Amino acid sequence: ANKAHFRALEKMYLGAPVNEYYKPQVHIEEGEAEIRIPIREDFFHAAGAAHGVTYFKTADDSSFFAANSL
């Protein structure tokens, strides 16, 4: 496993301008990426729960970076 590669992927992810808004945490290992996004009220839809875009972003980003860890 190339730890330097994993840390570089984490740095790249956290450096994305969109993540200044979401303020995620990320941890990448071989074939795995864990992304945590603290849910804030400004992520809520009209029914008062987290909007699906937050779930999709987390799933999409973690899948992309897990694949790129390989």
Side-chain angles (χ1 to χ4, degrees):
N2 184 345
K3 299 287 184 186
H5 176 62
F6 305 150
R7 301 300 78 85
L9 288 171
E10 292 168 355
K11 182 177 179 180
M12 181 176 77
Y13 178 70
L14 293 173
V18 68
N19 286 325
E20 290 178 26
Y21 176 71
Y22 284 99
K23 307 231 183 289
Q25 298 171 345
V26 61
H27 182 75
I28 299 170
E29 293 296 334
E30 187 172 357
E32 301 177 11
E34 179 179 341
I35 294 176
R36 293 176 180 233
I37 296 177
I39 301 298
R40 304 186 313 253
E41 285 188 20
D42 58 334
F43 296 170
F44 289 4
H45 53 55
H51 192 281
V53 70
T54 310
Y55 299 110
F56 177 79
K57 176 180 174 30
T58 306
D60 183 54
D61 292 354
S62 60
S63 298
F64 176 85
F65 281 92
N68 280 279
S69 72
L70 302 173

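The figures that follow rest on heavy atoms only: side chains count, while hydrogens, waters and symmetry mates do not. Quick note: residue numbers are just sequence positions, from 1. Predicted, not measured: the structure shown is a model, and the values here were computed from it.
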List in chain and number order the residues that pass side-chain hydrogen bond (donor to acceptor under 3.5 Å, both in side chains) with [X], two or more places apart in sequence or in another chain; answer none if no residue qualifies.
X	answer
D60	none
E32	none
K11	none

Closest contact, heavy atoms only, I28 versus A33: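 I28 and A33 have their closest heavy atoms at CG1-CB, 4.0 Å.
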Which heavy atom in H5 sits nearest to a heavy atom in N68, and how many Å separate them?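 Smallest interatomic distance, heavy atoms only, reads NE2-O, 2.9 Å.
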L70 CG to N2 CG distance, which is reported to the nearest 0.5 Å: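 One finds 12.0 Å between CG of L70 and CG of N2.
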Heavy-atom donor-acceptor pair, S69 side chain to G31 backbone, under 3.5 Å: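 Such a contact is found between S69 side chain and G31 backbone.
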Excluding sequence neighbours, so at least two apart, what forms side chain to side chain contact (heavy atoms under 4.5 Å, CB included) with T58?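 Once residues adjacent in sequence are excluded, the partners of T58 under the side chain to side chain contact (heavy atoms under 4.5 Å, CB included) criterion are I35, I37.
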I'd like to check the side chain to side chain contact (heavy atoms under 4.5 Å, CB included) partners of A8; sequence neighbours left out, ordered by chain and number.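 Side chain to side chain contact (heavy atoms under 4.5 Å, CB included) check on A8 returns nothing, list empty.
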Which pairs count as ring-ring contact (aromatic ring centres under 6.0 Å, His included) when at least one residue sits in residues 43-70, sequence neighbours excluded?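 As it turns out, the ring-ring contact (aromatic ring centres under 6.0 Å, His included) pairs with a partner in residues 43-70, which skip direct neighbours, are Y13-F65, Y21-F43, Y22-F43.
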In the structure I gave you, are the side-chain heavy atoms of N19 and K57 within less than 4.5 Å of one another anywhere?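 The answer is yes, as the side chains (C-beta and beyond) meet within the 4.5 Å cut-off.
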Should we count CZ of R36 as having more than 12 external heavy atoms under 6.0 Å?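 Open.
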Do H27 and E29 have side-chain N/O donor and acceptor atoms under 3.5 Å apart?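 Result is yes, a qualifying pair exists.
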